[in-house]
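Notes follow once the structure below has been shown.
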Amino acid sequence: CSKTEYWDARRGKVFSATGQWKIGASVMSHGEDLHNTILPRDRYFEHLLRVATGESHDAALARWVEAAFLTLSWPDPRIWCNTVGALMGDLACRPSAATLMGTLASDSYMYGGGSSIGLIRSIRKIRALREKGVSPKLIVQQHMKENRGKLRLMGFSRPLATGDERVGVLVDLARTLNLLQGEHERYALELDAYLLQKQGESLNVGGLIAAMMADHSIDDDGFYNLFSVGTLAGVMACYRDAKQRPANSFLPMPVGAYDYAGTKKRPVPD
């Protein structure tokens with residue numbers, strides 16, 4: 001149909017390709033009955049994978065993603081997105097506002113949910129180069145040449161710490177769940193071994209998660225959709241902790257800590 005016909009057909013109507021509520025009967029989600037088919041069969045992360053990617057994935061991968069979420073969200077208010085949650089708890093805001101604002105703060109290109117696209121594209125590029133015969137050494141050398149001698153390879157290295165204790169745990173869990181090592185994961189771990197030996201840097205949890213998702217044919221948008229809410233638990237924990245304390249006690253500052261550069265003392269008019 002023409003563009004005009006397409007828009008005309010949508011006047012005053014809401015269309016969805018994913019599902020609908022049939023009032024008094026059922027809820028359909030991706031062609032299945034949510035209450036009578038999905039609910040008794042699937043766990044929440046199987047459903048979350050489906051709505052984020054538009055495709056069904058097996059229970060083992062969903063369990064692994066659930067574990068990955070656990071590693072991404074710590075109850076430490078020093079983490080920038082959790083700081084937002086704690087500040088909003090300190091102000092007695094609503095939990096929905098606190099968790100959503102903290103999650104929005106985590107949408108960072110470098111370290112939060114917003115890094116998803118960069119991570120998975122970096123991992124895909126590494127696989128493509130390795131399949132062309134480019135060695136880990138040459139991959140690193142070329143990367144550093146393009147970045148003025150600095151290692152800024154998405155999925156590798158980590159701020160404030162060397163190594164990432166979460167990688168080994170998640171790799172072991174993948175094998176326990178019978179999730180076979182795919183090409184993206186294999187090449188990522190090869191580069192990890194080289195970097196650890198030569199640079200003292202290594203694969204981080206974001207790089208491993210991206211490799212696992214790429215090996216299971218999850219596309220860039222699906223990966224971003226899924227992990228955009230990966231920090232919810234940590235934000236909620238910090239919100240609740242701060243809310244239980246006396247008001248205005250999170251990072252308080254005395255008046256003397258401020259440098260006043262305004263008008264000098266002046267009388268207050270009657």
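Just so we're clear, the structure is a prediction, and the values are computed from it rather than from any experiment.
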Hey, are [Y] and [X] close enough side-chain-wise for a donor-acceptor pair under 3.5 Å?
| X | Y | answer |
| --- | --- | --- |
| Y224 | D107 | yes |
| D215 | H184 | yes |
| E183 | Y187 | yes |

Can you find a heavy atom in the side chain of [X] that is under 4.5 Å from one in the side chain of [Y]?
| X | Y | answer |
| --- | --- | --- |
| L196 | S202 | yes |
| E190 | I126 | no |
| T53 | D219 | no |
| Y194 | K137 | yes |
| L195 | L203 | no |
| L226 | V65 | yes |
| V27 | K22 | no |
| V235 | V84 | no |

Joint hydrophobic cluster, [X] plus [Y], side-chain heavy atoms closer than 4.5 Å:
| X | Y | answer |
| --- | --- | --- |
| L189 | I120 | yes |
| L104 | L100 | no |
| L151 | L119 | yes |
| I209 | L48 | yes |
| L251 | Y258 | no |

Against E146, only a single residue in R148, H143, Q142 fulfils side-chain hydrogen bond (donor to acceptor under 3.5 Å, both in side chains); can you say which?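 Single pass found, and it is Q142.
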Quick one: does [X]'s side chain have a donor or acceptor within less than 3.5 Å of a partner on [Y]'s backbone?
| X | Y | answer |
| --- | --- | --- |
| D164 | N204 | no |
| S249 | R245 | no |
| W64 | L177 | no |
| S116 | G113 | yes |
| N147 | G149 | no |
| R130 | V134 | yes |
| T83 | P77 | yes |
| Y260 | T263 | yes |
| R10 | Y6 | yes |

Might you work through the side-chain contact (heavy atoms from CB on, under 4.5 Å) test for M212 and L61, ending with a clear yes or no? CA-CA 9 Å; M212 180 66 76; L61 182 64; 4.2 Å; yes
Specify the closest pair of heavy atoms between [X] and [Y], including all atoms of both residues, with the distance to one decimal.
| X | Y | result |
| --- | --- | --- |
| L208 | V167 | CD2-O, 3.6 Å |
| L191 | F156 | CD2-CZ, 3.7 Å |
| S228 | S106 | O-OG, 4.5 Å |
| S29 | H47 | OG-CE1, 3.6 Å |
| P75 | A237 | CB-CB, 3.7 Å |
| E46 | A62 | CG-CB, 3.4 Å |

side-chain contact (heavy atoms from CB on, under 4.5 Å) evaluation trace for M28 with L34: CA-CA 6 Å; M28 300 303 295; L34 180 64; over 6 Å; no
Assess whether a salt bridge exists between R50 and E55, defined as any Lys/Arg side-chain N lying under 4.0 Å from an Asp/Glu carboxylate O.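 A salt bridge is absent here (no side-chain N lies under 4.0 Å from a carboxylate O).
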In Å and rounded to the nearest 0.5 Å, what is the [atom1] to [atom2] distance from [X] to [Y]?
| X | Y | atom1 | atom2 | value |
| --- | --- | --- | --- | --- |
| Y239 | F250 | OH | CZ | 14.0 Å |
| I218 | L49 | CD1 | CG | 5.5 Å |
| R175 | L170 | CZ | CG | 10.5 Å |
| D220 | R121 | CG | CZ | 5.0 Å |
| D90 | C238 | CG | SG | 12.5 Å |
| R124 | M213 | CZ | CE | 11.0 Å |

Heavy-atom count around [X] [atom1] within 6.0 Å, excluding the residue itself: above 12?
| X | atom1 | result |
| --- | --- | --- |
| F15 | CZ | yes |
| W80 | CH2 | yes |
| R186 | CZ | yes |

Go through the steps to decide whether E32 and R41 satisfy the test side-chain contact (heavy atoms from CB on, under 4.5 Å), and finish with yes or no. CA-CA 11 Å; E32 294 185 297; R41 183 192 67 198; 2.8 Å; yes
Residues E185, V171; criterion side-chain contact (heavy atoms from CB on, under 4.5 Å); working and verdict: CA-CA 9 Å; E185 183 188 342; V171 168; 4.0 Å; yes
Would you call the rings of F69 and F227 parallel, tilted or perpendicular, where under 30° means parallel and over 60° means perpendicular?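 Tilted: the ring planes of F69 and F227 meet at 30° to 60°.
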